[in-house]
Amino acid sequence: MSAIKLHVIKPSVNNMTARVFVRAAKLDFTEDDVYGKTRTDDFLAKNPAHLTPMMEAPGLPKGVMWESCAIMQYLSNKHHLDKFYPTDPEKRAMVDSAMFYIVGTLYPYIVRSTYGALNFPQYPGEVGASDATAAEKEKAQKAAVAAVDETLAALHKFFLEGKTFIGGDHPSIADIRLAASLEFLKVIDYHFPAWAKTYMAAIAKALGDAYAEPAKDVEGYIAYVKGQKK
């Protein structure tokens, strides 16, 4: 029996991130689809935050952990996966800096740009979850898309210019997080800059089926959502 059990909801960027990583790293794992189950007593007893992906693994202080980037960091450290998460302090600093920028700055803008189109619940306090008019919500969504543009440009200039990946010649955990995050922008037919198209193609090629299989689930949901609106 596999030591790693990954509990996931498949049409999700956060979940796609962890799903790609365990495949790319060739780890021994099992996967449990918990769609509709994260509020059950059994799930909440393990994970009171009811978040996915959630990983069960021996040795963890409470038996489980969540947060996709933390899962990748832990598994890289545990299994000495330096090509995904370098141990050199300076190289690791760049991977960490990029990944935190993606999660802390870029992804919230992607959420505001796409969650309405994806029929996902908006975060409390956001315009999309308020009683604002449809016009006001559209205005906020367009502002978020403009912020995505600016954030992606900064990320490219600082972390990627002159390199294939943030990790250099091989995708790092920051690259996996970035590529997965960009997948959601397809639901709004986002106009990707040329470098981003090249980057996403390079990630898909470098990781092969490890990327393609989880990406297919996200792409399938996006196609379904778009089909419902026609």
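Because the structure is predicted, anything quoted here is derived from the model rather than measured. Every heavy atom of this structure was used, including side-chain atoms; hydrogens, water molecules and symmetry mates were not.
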Checking Arg23 against Phe29: charged group under 6.0 Å from the ring centre and within 45 degrees of the axis? no
With salt bridge (charged side-chain N to carboxylate O under 4.0 Å, His left out) as the rule and sequence neighbours excluded, what pairs involving residues 40-68 come up? Lys46-Glu56
Anything under 3.5 Å between a donor and an acceptor, one on a side chain of residues 143-154, the other on a protein residue two or more places apart or in another chain? List them.
unit_1	atom_1	unit_2	atom_2	d
Asp149	OD1	Tyr190	OH	2.4
Thr151	OG1	Ala147	O	2.7

Strictly by modelled atom types, are Arg92 and Thr87 linked by a side-chain donor-acceptor pair under 3.5 Å? no
Check: Glu219/Tyr224 side-chain N/O donor and acceptor closer than 3.5 Å: no
Partners passing side chain to side chain contact (heavy atoms under 4.5 Å, CB included) against Lys163 (at least two apart in sequence or in another chain): none
Please report the interatomic distance OH(Tyr115) to CZ(Phe184), rounded to the nearest 0.5 Å. 5.5 Å
Evaluate whether atom CG of Asp88 has more than 12 neighbouring non-hydrogen atoms of other residues, nucleotides or ligands under 6.0 angstrom away. yes
Establish whether Ile9 and Ile71 are linked, either directly or via other cluster members, by ILVMFWY side-chain heavy-atom contacts under 4.5 Å. no
Indicate whether any N or O donor in one side chain lies under 3.5 Å from an N or O acceptor in the other, for Arg177 and Asn14. yes
Check which hydrophobic residues are tied to Leu44 through side-chain heavy-atom contacts below 4.5 Å, counting indirect links as well, and list them. none
Ring pair (Phe, Tyr, Trp, His ring centres under 6.0 Å) involving His170 - partner list, sequence neighbours excluded: Phe84
Test question: given the 4.5 Å side-chain rule for I, L, V, M, F, W and Y, name all other residues clustered with Leu51, or answer none. Trp66
All heavy atoms of Thr114 vs all of Val187, minimum pair found to be CB-CG1, 3.8 Å
First locate atom CG of Leu6, then atom OG1 of Thr30, and finally report the distance between them rounded to the nearest 0.5 Å. 8.0 Å
